[in-house]
J.: 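Pasting a structure below so you can have a look.
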Amino acid sequence: MRRGGHRDQVFLATKGSALPRPSPNLWSADGTPDWNLARRTFEGAGADTLRHAVDASLQRLGTDHIDLYYVHVDDLTTPLSETLEALAGLVAAGKIRYLGWSNVRTWRLERIRQLCDRHGWPAPVAVQQQHSYLRPNPATDNASITGHEQLDYLAAHDDLTLVAYSPILKGIYDDPARRAAHGVMESYAGPDTDARLALLTEMAADLGVTPGQLVLAWLLHSTPRVIPLIGPRTPEQLESALQALDVKLTEDQLQRLAG
Ligand SMILES: NC(=O)c1ccc[n+]([C@@H]2O[C@H](COP(=O)([O-])OP(=O)(O)OC[C@H]3O[C@@H](n4cnc5c(N)ncnc54)[C@H](OP(=O)(O)O)[C@@H]3O)[C@@H](O)[C@H]2O)c1
């Protein structure tokens, strides 16, 4: 982007607040992160932290503005008014165009929006959460995963768009062996999981696509509106994900999948 001079053709999004304070205990010898330690020591969404993070991002990216800037992890310890006022200042300075929030519970979104309304601060337009075709297990208590209440809230507030991260749950839909072994399934092993996987696999075969492609297509047809945030690691995975854009689902097919 910087070298090619194509900045105006790129919608640039990045995030701040979730960098953990450096510690030798953050990574184990095999490269696995200690998530509990990371969450306890993340830098948070204080005003100074965000101002410095945005300036550092702009410098690294070689641009003068970010199109969409997320608070990466909702910070329950910094007063929301401090965070929002700082972000409003960054928008007023032209360094950020739109705001987003990630890993956040619905009641916090409502509080954020009310504060913005009261003070005339720009409100978030995007909420980035883990969201896919499988439904989270009812026992799962995870602020990062969108559940029924959040979907209801988003359906009632179409000025806020759900950006779905890990939309294909790390590739588990296309690979039963990966599914059996992957930690991501801990939040999804529930009463209807097997039935939904079986239906998805059957319908994908009928449509001549992979189950992962059908999940992406289903998300693109969703109400409330969902933008799947794909995570391809190879050019082939990118190509495969892009093909989901051409999968058109009928009302009947959508109803079967919703089942
Ligand atoms: N806000 C947050 O806290 C948060 C958290 C997580 C992610 N994100 C964002 O969301 C983006 C996507 O998340 P994610 O990486 O977890 O998404 P994902 O698409 O669910 O998982 C990516 C993994 O799935 C596999 N994969 C990707 N495309 C595939 C394809 N076409 N067919 C089969 N397997 C495929 C690859 O596994 P292999 O590497 O094994 O091939 C890849 O590493 C990230 O880039 C990140 O920016 C945000």
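As the structure lists them, so they are numbered: ligands from 1, and atoms in each ligand from 1. Since this is a predicted model, take the numbers as computed values, not measurements. Side-chain atoms are counted along with the backbone in the values below, which use heavy atoms only and exclude waters and symmetry mates.
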J.: Could a heavy atom of Pro167 be found less than 4.0 Å from some atom of ligand 1?
T.: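 Under 4.0 Å: yes for Pro167.
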
J.: Among all protein heavy atoms, pick out the one at the shortest distance from atom 19 (O) of ligand 1; state its residue, atom name and that distance to 0.1 Å.
T.: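 The protein heavy atom lying closest is Ile168 CG1, 3.3 Å.
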
J.: With Arg196 as the cation and Tyr133 as the aromatic partner, state whether NZ or CZ is under 6.0 Å from the six-membered ring centre and within 45° of the axis.
T.: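 Yes, Arg196 lies over the aromatic ring of Tyr133.
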
J.: When you measure from atom 48 (C) of ligand 1 to each heavy atom in Gln128, Gln130, Gln129, which option holds the nearest one?
T.: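 Considering heavy atoms of Gln128, Gln130, Gln129, the nearest to atom 48 (C) of ligand 1 sits in Gln128.
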
J.: Going by an N to O cut-off under 4.0 Å, is there a salt bridge joining Arg7 and Asp67?
T.: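 Yes.
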
J.: So for ligand 1, is Ala241 a polar contact partner (N or O within less than 3.5 Å, distance only)?
T.: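 So ligand 1 has no N or O lying under 3.5 Å from an N or O of Ala241.
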
J.: For atom 40 (O) of ligand 1, find the nearest protein heavy atom and state the residue, atom name and distance (0.1 Å precision).
T.: Arg178 NH2, 2.8 Å

J.: Just to confirm my output: which protein heavy-atom neighbour is closest to atom 21 (O) of ligand 1, and how far is it?
T.: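 Going by distance alone, atom 21 (O) of ligand 1 is nearest to Lys170 CA, 3.3 Å.
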
J.: If we ignore angles and hydrogens, is there a donor and acceptor under 3.5 Å between the side chains of Thr140 and Asn142?
T.: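 No, no side-chain donor-acceptor pair sits under 3.5 Å.
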
J.: Hey, which atoms in ligand 1 end up nearer than 4.0 Å to a heavy atom of Ser240?
T.: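 Close to Ser240: 31 (N).
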
J.: Answer yes if a protein heavy atom lies under 4.0 Å from atom 30 (C) of ligand 1, otherwise answer no.
T.: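 Yes, there is one.
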
J.: Nearest protein heavy atom to atom 42 (C) of ligand 1, by residue and atom, and its distance?
T.: Gly231 O, 3.4 Å

J.: For atom 33 (C) of ligand 1, what is the closest protein heavy atom, and at what distance to 0.1 Å?
T.: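 Answer, as residue, atom name and distance: Asp174 OD2, 4.2 Å.
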
J.: Run through the side-chain heavy atoms of Ile, Leu, Val, Met, Phe, Trp and Tyr, join any pair under 4.5 Å, and report what else lands in Leu12's cluster.
T.: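 Its cluster partners, ordered by chain and number, are Met1, Val10, Leu61.
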
J.: Can a donor-acceptor pair be found between the side chains of Thr146 and Gln150 at a distance below 3.5 Å?
T.: yes

